[in-house]
Undergrad: 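I have a structure here, written as structure tokens, and I will follow up with some questions on it.
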Amino acid sequence: MRLSDKRVSQRGVTLVELAVVLAILSIITTMIVSFTFSMRDLTTKNEEMYNEMERLTFGRDFIENWFYSFDESGSTYSVDSEGKLTINNTYSINITEQDVIIFDYPNGSNKSYLFEGIRGIEFENVELNNNSTGLYKCTILYGEDSEFAFVLGRRS
């Protein structure tokens, strides 16, 4: 009987080979799980940044629409020491305690915009060589210490 010769030629899985395969599988699984968590965190951070940029863009659009609604050759623009812009000595932007920005328009109406976390809106005259240029830097202050600035220019 040659049964013993067949058993010798057949080789089974050794404990060392099984341990190596399990170690490789655990390393690959750990890499996949950590990559998944990293991607989830990155996706969450990108979504927060997108939402913030969208809020700032809508806020800028509201301020631009308000600013350009007064743009006539006879309109007078002035910025006080606190950075508040008044047009024709009466119109302004007000921020309530509930993060609502209220824009007063020339026809006496007003529009509001909800901006969570806003601390203020400041304007500054842009001057070149001590001459007024008709340009105004607008800075939206929001969050703990964040700012978003853009420039508005008179068309008339």
Undergrad: Working to the nearest 0.5 angstrom, can you tell me the gap between Leu152 CG and Leu135 CG?
TA: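 Interatomic distance, Leu152 CG to Leu135 CG, rounded to 0.5 Å: 9.0 Å.
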Undergrad: Would you list the atom pairs, donor with acceptor, under 3.5 Å between side chains in residues 45-54 and any protein atom, with sequence neighbours excluded?
TA:
residue, atom, partner, partner atom, Å
Asn51, ND2, Glu47, O, 3.4
Glu52, OE2, Tyr142, OH, 2.8

Undergrad: Look at the rings of Tyr77 and Tyr136 and say which category their plane angle falls in: under 30° parallel, 30 to 60° tilted, over 60° perpendicular.
TA: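 If you compare the ring of Tyr77 with that of Tyr136, the planes turn out parallel.
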Undergrad: Nearest 0.5 Å, please: how far is CG in Asp104 from CD1 in Ile93?
TA: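 So the CD1 of Ile93 and the CG of Asp104 are separated by 9.0 Å.
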Undergrad: Could you tell me which non-hydrogen atom of Gly153 sits nearest to which non-hydrogen atom of Tyr68, and how far apart they are?
TA: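 Distance-wise, the nearest heavy atoms are O-CE2, 3.0 Å.
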Undergrad: Compare every heavy atom of Glu17 with every heavy atom of Val13, then report the nearest pair and how far apart it is.
TA: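 Smallest heavy-atom distance, with atoms named: CA-OE1, 3.6 Å.
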Undergrad: Strictly distance-based, threshold 3.5 Å: is any side-chain N or O of Ser69 a donor or acceptor partner for the main-chain N or O of Tyr105?
TA: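 Looks like no, no N/O pair under 3.5 Å.
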Undergrad: Test side chain to side chain contact (heavy atoms under 4.5 Å, CB included) on Phe62 and Thr57; report intermediate values, then the result.
TA: CA-CA 9 Å; Phe62 261 84; Thr57 300; over 6 Å; no
Undergrad: Looking at every heavy atom in both Glu144 and Arg119, which two are closest together, and how far apart are they?
TA: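 It is O-NH1, 3.1 Å.
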Undergrad: Only distances under 3.5 Å count here; give the side-chain donor-acceptor pairs of residues 108-115 to other protein atoms, sequence neighbours excluded, each with its distance to 0.1 Å.
TA:
residue, atom, partner, partner atom, Å
Ser109, OG, Asn107, OD1, 2.6
Tyr113, OH, Arg55, O, 3.0

Undergrad: So, the side chain of Ser34 versus the backbone of Met31: is there a donor-acceptor pair under 3.5 Å, distance only?
TA: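 Looks like yes, one N/O pair under 3.5 Å.
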Undergrad: Write down the atom of Glu82, the atom of Glu122, and the distance for their closest heavy-atom approach.
TA: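 Looking at all heavy atoms of both residues, the shortest contact is O-CG, 4.3 Å.
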Undergrad: Between Ile140 and Ile118, does a side chain to side chain contact (heavy atoms under 4.5 Å, CB included) hold up when you go through it step by step?
TA: CA-CA 7 Å; Ile140 300 174; Ile118 191 163; 4.0 Å; yes
Undergrad: Of all residues at least two apart in sequence or in a different chain, which pass the side chain to side chain contact (heavy atoms under 4.5 Å, CB included) check with Thr36?
TA: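 With neighbours one apart ignored, the set is Ile32.
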Undergrad: Any idea how Phe123 and Trp66 line up, ring-wise: parallel (<30°), tilted (30 to 60°), or perpendicular (>60°)?
TA: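 Aromatic pair Phe123/Trp66 classed tilted.
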Undergrad: What distance do Ile87 atom CD1 and Leu85 atom CG have between them, rounded to the nearest 0.5 Å?
TA: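 Going from CD1 on Ile87 over to CG on Leu85, the span is 4.5 Å.
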Undergrad: When you look at Ile95 and Ile121, which way does the side chain to side chain contact (heavy atoms under 4.5 Å, CB included) test go after all the steps?
TA: CA-CA 8 Å; Ile95 301 172; Ile121 298 174; 4.1 Å; yes
Undergrad: What residues, two or more places apart in sequence or in another chain, satisfy ring pair (Phe, Tyr, Trp, His ring centres under 6.0 Å) together with Phe148?
TA: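 Counting only residues at least two positions away or on another chain, Phe148 forms a ring pair (Phe, Tyr, Trp, His ring centres under 6.0 Å) with Phe150.
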Undergrad: Could you tell me the separation between the CG atom of Leu42 and the CZ atom of Arg40, rounded to the nearest 0.5 Å?
TA: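 If I round to the nearest 0.5 Å, the distance is 12.0 Å.
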Undergrad: Taking side-chain hydrogen bond (donor to acceptor under 3.5 Å, both in side chains) as the test, write out the residues that go with Glu124, two or more places apart.
TA: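 Glu124: no side-chain hydrogen bond (donor to acceptor under 3.5 Å, both in side chains) contacts found.
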Undergrad: For Glu64, give me all partners under salt bridge (Lys or Arg N to Asp or Glu O under 4.0 Å), at least two apart in sequence or on another chain.
TA: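 Testing Glu64 for salt bridge (Lys or Arg N to Asp or Glu O under 4.0 Å), a comparison that skips the adjacent residues, returns Arg60.
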Undergrad: Ignoring hydrogens and geometry, is there a side-chain-to-backbone donor-acceptor pair from Asn125 to Glu127 under 3.5 Å?
TA: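 Side chain of Asn125 to backbone of Glu127, a donor-acceptor pair under 3.5 Å: no, none is there.
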Undergrad: Please check if Phe58 and Ile101 belong to a single hydrophobic cluster, counting links between Ile, Leu, Val, Met, Phe, Trp and Tyr side chain heavy atoms closer than 4.5 Å.
TA: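 Yes, Phe58 connects to Ile101 through the hydrophobic network.
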